[in-house]
Each structure stands twice: as C-alpha cells, then as structure tokens.
Amino acid sequence: MEPRSSEKLKPGIWREMGLTDQEFDRVKEILGREPNYVELGIFAVMWSEHCSYKTSRPVLKFFPTEGEQVLQGPGENAGIVDIGDGQAVAFKIESHNHPSAVEPYQGAATGVGGILRDVFTMGARPIAVLDSLRFGSLKNSRTRYLFSGVVSGISGYGNCVGVPTVGGEVFFAPTYEENPLVNVMCVGLIDHKDIKKGVAAGIGNPVMVVGARTGRDGIHGATFASEELSEESAEKRPAVQVGDPFMEKLLLEACLEVIKSGYVVGIQDMGAAGLTSSSCEMASRAGTGIEMDLSLVPRREEGMTPYELMLSESQERMLVVVKKGTEDKVKEIFNKWDLEAVVVGRVTGDGMLRLTEGQQLVAEVPAKALTDEAPVYQRPYSEPEYLKEAQNLSPVKIPIPDNYEQVLLDLLASPNIASKEWVYRQYDHMVGTNTVVRPGSDAAVLRVKGTKKGIAMTTDCNPRYCYLDPYMGGMIAVAEAARNLVCSGAKPLAITNCLNFGNPEKPGVMWQFRRAVQGMSEACRKLNTPVTGGNVSFYNETKGTAVYPTPTVGMVGLIEDLDYCCTQDFKDEGDIIILVGETRVELGGSEYLSVVHGLEGRGTPPQLDLELERKVQQAVLEAIKKGLVKSAHDCSEGGLAVALAESCISGGIGAEIYSIENIRGDALLFGESQSRIIISASENNVAELIRHLTLMEVPFTRLGTVGGEELRINLMDSGCAAGRPRPVINLPVAEMESRWRGAVKCLMK
C-alpha cells in the first residue's frame with residue numbers, strides 16, 4: 001500500500017524546502033514514485049546541509065579519529081575518552097548561530113539544552129558547559145542586544161538546570177556584525193559500563209517518546225540553519241525553539257536513571273529535525289527499521305499534522321528504544337519525575353521508516369536513504385581573491401609606537417583581551433561544588449569526586465589567523481587549546497570541533513574550509529589529540545559577506561593529581577619568571593595591529609612549528625608534574641606584555657622584567673609568536689627547572705622576578721645607549737587591572 005497523498009505536490013515545492021531539482025529526482029528514484037508532502041519534508045530536512053553534512057563529509061575524513069584513549073569517536077551523540085579506573089569523559093560542541101541571530105535568548109538557551117542532551121544521551125552526567133561566542137563591535141547597539149541576549153540565554157538555561165558554565169571565550173570583530181556565532185560545549189562524566197548509544201536494535205522492541213510534549217516550534221529549524229541570513233530571517237522567528245530548563249533537569253535525571261536500570265537498548269536526543277532525525281538515525285545505525293503511529297505522540301497543540309509532528313524541534317524530548325516487556329517499568333521511572341513516556345511504535349526488520357496515523361499509512365521511506373544515502377558533493381574550491389592583498393603587509397611599514405605603556409593599556413581595554421567578568425559573573429560556575437579553577441585562567445578545571453583526578457577543558461580559535469591563512473590558523477587553534485590545558489597541568493586527550501564557515505557553494509569558502517580542516521588534522525596527529533566529533537555550521541554570511549572562518553576547538557585533558565594543578569597568576573615575591581619558547585618578529589593578524597594601527601585582519605599570521613610546540617608543551621607539563629612550576633600562562637592575544645600583565649593582575653602582585661631579546665620592541669612585547677608559555681618558579685627550584693628545560697631541548701629565557709606593585713619592563717632595542725636596557729613600561733598593577741576589568745562592563749552599561 002502506498003502512503004496517503006492528500007494532494008498532488010505543488011510544482012517546485014521541493015525548492016522551497018531546500019531540495020534541488022536533482023535531489024528531488026533522486027528522491028523519486030529511491031522511492032520508485034513521487035513522494036507525498038510528509039515524505040518530501042522528511043527528505044528535505046534530512047538532506048539539508050545541517051543534518052546530512054553533504055558538503056563537509058568528504059573533507060572531515062582528513063581528521064584523525066582513533067587513539068588508545070578514544071572509546072567513542074564521531075557518529076554518535078557525543079565523543080567519549082578514557083580517563084582510567086573505568087571512568088570516561090563524554091563531550092561535544094555544537095552551534096546555534098542562526099537562531100541566536102534572530103532570537104538571541106532562546107537561540108542560545110536551546111543551544112545549551114541541545115548540547116546537554118547530547119551528553120546525557122550517552123549515559124554521562126553533565127558536569128560543565130563552556131561557550132565560544134563571536135559578535136560585532138560592542139559600540140553597535142544591535143551587537144549589545146545580541147550579546148546581552150545570548151549571555152542571558154546561556155546563563156538562564158544552564159543555571160536552572162544546575163550545570164556550571166565554567167569557561168569559554170568571547171571575540172569581537174566587524175565580520176560578525178550581522179552573523180554572531182554561538183558555540184556551546186558540554187562535558188560529562190560516565191563509567192564505562194553505563195555508556196549507551198543511539199541505536200534502534202532488537203526487532204519488536206518498543207519505541208517510546210519521552211519528555212516534553214510536541215509543539216509547532218522549531219519546524220524547519222535545520223533547514224533555516226542551512227541557508228544564509230537575510231533581511232527576511234527575522235520573519236523565521238517561529239523556527240527558533242523555546243526551551244524549558246526545569247523540564248530539562250527532570251529529563252536529565254530520568255534518562256540517567258532509566259539508563260542505569262538496564263531497560264534501555266538505545267536512546268537519542270530529538271535535536272535538529274526532531275522525531276525524523278532521531279528515528280531514522282537510530283534505525284540506520286542498527287540496520288533496522290522503525291514503525292510509528294503518530295496519533296500516539298503527545299502534543300501540546302491542537303490539529304497538528306504528521307508533517308508538523310515529524311519536523312517539530314520542540315525541546316526536551318528523547319526517543320528511547322527499550323527491551324520488550326519493560327515498558328511499564330520505564331513509564332514508572334519517567335512518571336516519578338513527572339514526565340510522560342509513551343510507546344509510539346516498534347523496531348522492525350525491514351529497514352523502513354514507516355509512519356501511520358491510526359490505521360492510515362502516511363509515509364514509508366528507507367531509513368538509510370535519509371542518512372547513509374544522502375547526497376555527497378565534491379564542491380569546487382580555489383584560493384579566495386582577498387588573500388594576497390590581506391597578507392601583503394611588511395612589518396617595516398608598521399611604525400613603532402612612542403609610548404609602550406599606552407599601547408599596553410589600550411590592549412588591556414580591548415574587548416577581546418579585557419576581563420569577561422561581565423559574562424561569567426552571570427553564570428553559576430560553582431554549582432555542583434566540583435570547580436577547582438574558575439573562569440579567567442587558561443583552562444577551567446573540575447575535580448572528579450572520590451579521586452585525585454581533575455578534568456581540564458577549554459575552547460579556542462583565533463579567527464583572524466584563519467582568515468589570513470586557514471591552514472596555519474587551524475593548526476594554531478588546536479595547538480593553543482592544548483597549550484591552555486598544559487598550563488593547567490593537564491595532559492590533552494582529544495578534541496571536538498565546531499566548524500563555522502560561510503557559503504560552501506562559493507569556491508573561496510570551500511577552500512578555507514578544506515585548508516582549515518587539513519591544518520587542524522596535522523596538529524591533532526602531532527599532539528595526539530584525535531577528533532571525537534563535532535559540528536559543521538555553513539552559510540554563516542549575510543548579504544553575500546561571510547564571517548571569518550572560525551573552526552572552534554573544544555578540548556579536554558586529564559590532571560592525574562590535583563595537587564599539581566596550575567594557574568596563571570604570579571604567586572610570591574622573589575619568584576623567578578621564565579619564558580619557554582622564542583619570540584620572532586610576527587605581527588600579522590595580531591590584536592596589536594587591529595587596536596593600535598587599525599589594521600584588522602592584515603598581514604601574515606604567526607607561524608607554527610609543530611615539533612617545537614610538542615616539545616614546549618611536554619617540557620612544561622613535566623615540570624608542573626615535578627612540582628617545579630608555580631604558575632603557567634600561555635602567550636596569545638596581545639603577546640608577551642599582555643600575558644605578563646594578566647599574570648600580575650590575577651595574582652595581585654607586580655613583576656620586573658629585565659633586558660630581553662634585541663628585536664623591535666612592539667614585536668617583542670605585543671607580537672603573537674606561537675609555542676610560548678610564561679612560567680614562574682621559586683628561586684630554590686630554578687636551577688633544577690633550568691636543567692629540566694635544557695635536557696628537554698626547548699628554548700627559554702629568564703625574564704625577571706615577581707614582586708612589587710608595578711609591572712616594570714626593560715627593553716634592549718635600537719633606542720638603547722651603549723647596549724644598556726631602557727625602561728619602557730612601568731605601570732601599577734591596580735591601574736592595569738582597572739582598565740582590564742572595566743572595559744566590557746563599561747560598554748554594556
């Protein structure tokens with residue numbers, strides 16, 4: 001029996017749903033007939049870029065995805081890595097960019113809800129949320145509206161669920177003026193024995209819809225995320241879902257309880273494409289089929305059609321396959337948490353996604369046709385025209401500033417460097433009482449209760465570097481994330497990524513994407529941080545102008561003994577400051593060029609020697625584990641002077657830096673050369689620390705000492721007489737702190 005078709009498809013309706021004429025022809029070929037309206041909607045959403053990865057799939061094969069620490073790689077709701085003793089970490093990062101541009105509060109809030117579900121679907125208890133946010137200039141009123149709404153959405157949802165938001169990053173640049181990026185990462189803890197996957201296995205097993213009732217919010221949300229933003233995007237506000245964090249908390253606890261009960265065969269979040277994606281993906285992974293009666297799906301609105309039920313992206317819902325005969329016990333668990341759990345179908349053996357409404361067949365589609373057999377495109381790619389002009393900037397053409405103190409103060413007040421307390425003070429980062437290192441240091445650290453272990457986590461990406469050289473920028477994103485973890489005393493384990501790019505149908509954007517992924521892949525191999533999953537977000541452009549390529553890296557690492565956890569703040573008077581790594585004349589893509597010289601996104605970004613990076617990280621990590629290091633801080637945006645200032649501010653103590661290398665002063669102080677870490681140590685440990693660094697064959701420079709109430713920096717450069725260093729910066733820590741803390745807060749008043 002063919003599915004019911006109430007009327008002939010309107011000519012070209014598939015184009016309105018996002019399918020091309022060729023894709024529509026392929027659908028007819030698969031079915032052996034023309035689809036009805038419900039089936040067409042199902043194909044359209046599952047073959048959208050957001051769900052099918054039809055453009056990115058060939059490129060993602062560059063990523064290394066295996067390692068002895070990897071328990072679950074790409075293909076599931078979240079990746080999982082081993083941390084020993086039968087314990088593991090589940091983690092994932094995803095985007096909610098387009099919804100946040102249209103409705104910032106709910107867009108960001110539901111982004112948090114979705115990533116939490118991805119993690120607890122695996123059986124893991126979420127312990128932390130991090131974010132990576134990109135906006136236009138804070139001088140723009142619309143940017144302030146978007147920024148405020150997104151931060152409120154993240155805090156409002158995360159705080160209510162009771163999962164701490166412990167870290168992340170915020171970056172401002174004109175390229176994100178119309179198209180903000182909202183990437184959210186969740187980290188969870190799980191025992192190996194409790195790991196569950198999204199599979200619909202066991203013919204005859206019941207299929208249950210659990211959690212919230214289904215409404216009309218979010219219909220075509222995945223399609224909305226697969227097209228460029230335009231002036232009409234605001235009209236698509238109904239495509240943005242509405243979240244209920246209190247319902248999410250109940251769902252979290254109920255799902256973890258039912259998973260531990262042993263009744264669950266497979267479980268999947270109803271995220272993008274809702275009931276459609278969860279059912280066909282679970283069936284496809286297991287090589288089975290699913291039959292559902294849509295009249296049984298609990299709904300909160302009258303008169304919902306099968307089309308609306310299948311494409312709704314209402315939040316706080318899960319699809320669960322349970323062992324036959326346990327349905328009533330599963331219902332009891334969900335009822336205990338005041339949640340509905342309704343049997344809507346069963347697992348079949350014929351590989352079909354079959355949908356009925358009572359006795360009426362409304363859709364019948366091969367499950368694998370929606371997933372494994374989605375179209376795959378080898379898009380053309382070529383180096384974009386802007387690149388040569390953007391890179392064409394010689395350092396000799398950049399005037400050296402007269403006043404280094406003013407430059408440092410201006411950089412500390414730049415929103416990209418200034419304190420983000422305005423953001424993270426709205427987050428409850430201590431709920432759960434596991435937070436060891438709070439927001440503001442190189443990486444957040446949470447304890448694993450009942451052990452001496454800690455989990456370090458970070459998000460990172462410098463989009464300017466990726467704009468100027470996507471390959472190098474991709475490598476640096478991975479390397480800097482790993483460096484952040486090493487500075488906390490953690491061994492980097494693996495990454496998840498959120499790849500934010502413009503329209504991939506443009507050869508220049510496709511070239512950026514390929515090169516960034518290739519660079520990330522090389523760094524992951526060298527640093528032994530395989531990719532466990534992530535998200536691709538294309539079409540991040542407005543009026544034909546794409547955002548900077550932004551391949552955000554989320555990384556987790558293991559601290560085996562929290563007694564050797566490290567932070568960035570200088571500790572005690574008289575401690576010795578050492579720079580591990582070397583500084584070169586590299587100013588391209590720097591915050592210094594943008595803020596001081598008005599050269600945004602210009603020049604050649606700093607280069608990265610992956611072998612040197614590996615050795616620097618290994619040397620510093622082993623020194624921390626030996627107890628030789630009191631503080632460690634990565635040199636990144638703003639360069640050496642900013643990193644020293646941040647260590648002084650966070651420690652509430654000054655420092656004196658003696659004569660340093662004889663290169664031009666602005667490059668030495670504000671250049672962003674890679675593979676550099678500032679460490680401090682007690683004088684008693686310095687001799688042993690220097691022996692260790694020498695044996696590890698890493699370059700290092702003894703910079704000065706901790707102490708006093710000012711940051712004093714002396715330079716040996718062309719302005720010096722008779723080879724004697726001259727003082728160029730002498731700033732009270734209190735003055736630097738005032739500029740650093742007040743910048744974002746002042747702009748948001």
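For clarity, every value in this text was computed on a predicted model and none was experimentally measured. Sequential numbering from 1 along the given sequence is applied to the chain's residues.
- Not one N or O on the side chain of E709 forms a donor-acceptor pair closer than 3.5 Å with the backbone of V733.
- With values rounded to the nearest 0.5 angstrom, E480 atom CD is found 5.5 Å from E637 atom CD.
- In this model, a donor atom of one side chain and an acceptor atom of the other lie less than 3.5 Å apart for D410 and Q406.
- T459 contributes no side-chain N or O that, together with a main-chain N or O of G554, makes up a donor-acceptor pair within less than 3.5 Å.
- In this structure, Q674 contributes its side chain and E672 its backbone to a donor-acceptor pair below 3.5 Å.
- Looking at D460 and R483, no side-chain N of the basic residue comes within less than 4.0 Å of a carboxylate O on the acidic one, giving no salt bridge.
- The closest side-chain heavy-atom distance from V478 to T529 is below 4.5 Å.
- Two residues are said to be in side-chain contact when any heavy atoms from C-beta on lie closer than 4.5 Å; V486 and P492 meet this criterion.
- The side-chain heavy atoms of R134 and C461, taken from C-beta on, include a pair separated by under 4.5 Å.
- Residues H692 and N685 are not in side-chain contact: their nearest non-hydrogen atoms beyond the backbone lie 4.5 Å or more apart.
- Atom CE of M555 sits about 6.0 Å away from atom CD1 of I495, to the nearest 0.5 Å.
- For E611, the salt bridge (Lys or Arg N to Asp or Glu O under 4.0 Å) criterion is met by K526, R614, not counting sequence neighbours.
- A perpendicular orientation is assigned to the rings of F147 and F172, their planes being inclined by more than 60° (bins at 30° and 60°).
- Looking at heavy atoms from C-beta onward, L133 lies in side-chain contact with I154 at the 4.5 angstrom threshold.
- P180 has its side chain out of reach of V150: every pair of non-hydrogen atoms, C-beta onward, lies at least 4.5 Å apart.
- A distance-only check finds a donor-acceptor pair linking the side chain of R144 to the backbone of L138 [under 3.5 Å].
- Looking only at distances, a side-chain donor or acceptor of R602 sits under 3.5 Å from a matching main-chain atom of N392.
- Side-chain atoms of K420 come within 3.5 Å of backbone N or O of N416 as a donor-acceptor pair.
- Side chains of K139 and T143: no donor on one and acceptor on the other come within 3.5 Å.
- In this structure, P606 and Y465 have side chains that are in contact, with non-hydrogen atoms separated by less than 4.5 Å.
- The structure places CD of E737 at 6.0 Å from CD1 of I649, a figure rounded to the nearest 0.5 Å.
- Under the rule for a salt bridge (Lys or Arg N to Asp or Glu O under 4.0 Å), K491 has no partner lying at least two apart in sequence or in another chain.
- The main-chain N or O of L485 is found under 3.5 Å from a side-chain atom of S488 such that the two form a donor-acceptor pair.
- The backbone N or O of A734 sits nowhere less than 3.5 Å from a side-chain atom of S738 that would complete a donor-acceptor pair.
- For the atom pair S636 OG and N484 CG, the distance stands at 7.0 Å (nearest 0.5 Å).
- Put simply, SG on C635 and CD1 on I678 are 4.0 Å apart, with the number rounded to the nearest 0.5 Å.
- Within 6.0 Å of CD on Q391 lie more than 12 heavy atoms contributed by other residues, nucleotides or ligands.
- With 3.5 Å as the limit, one finds a donor-acceptor pair spanning the side chains of S594 and E600.
- Considering every non-hydrogen atom in both E586 and Q607, the closest pair reads OE2-N, 3.0 Å.
- No donor-acceptor pair closer than 3.5 Å links the side chain of D469 to the backbone N or O of P605.
- A 4.5 Å side-chain heavy-atom check between L558 and V81 finds every atom pair outside the cut-off.
- No side-chain N or O of T175 forms a donor-acceptor pair with one of Y467 less than 3.5 Å apart.
- G665 and Y404 get closest at one heavy-atom pair: CA-OH, 3.3 Å.
- In this model, a donor atom of one side chain and an acceptor atom of the other lie less than 3.5 Å apart for N183 and T552.
- Nearest heavy-atom pair across V89 and L189 is CG2-CD2, 4.0 Å.
- Side-chain contact annotation: T567 with S441, donor-acceptor N/O pair under 3.5 Å absent.
- Among V596, V595, L411, the one residue that satisfies the side chain to side chain contact (heavy atoms under 4.5 Å, CB included) test with F670 is L411.
- Heavy-atom contacts from other residues, nucleotides or ligands closer than 6.0 Å to CG of D563 number more than 12.
- Once rounded to the nearest 0.5 Å, the distance linking CG of L715 with CD1 of I663 reads 9.5 Å.
- At least one donor-acceptor pair closer than 3.5 Å links the side chain of K571 to the backbone N or O of D569.
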Test log, rule side-chain hydrogen bond (donor to acceptor under 3.5 Å, both in side chains), inputs T705 and E656:
CA-CA 6 Å; T705 57; E656 179 156 15; 5.6 Å; no
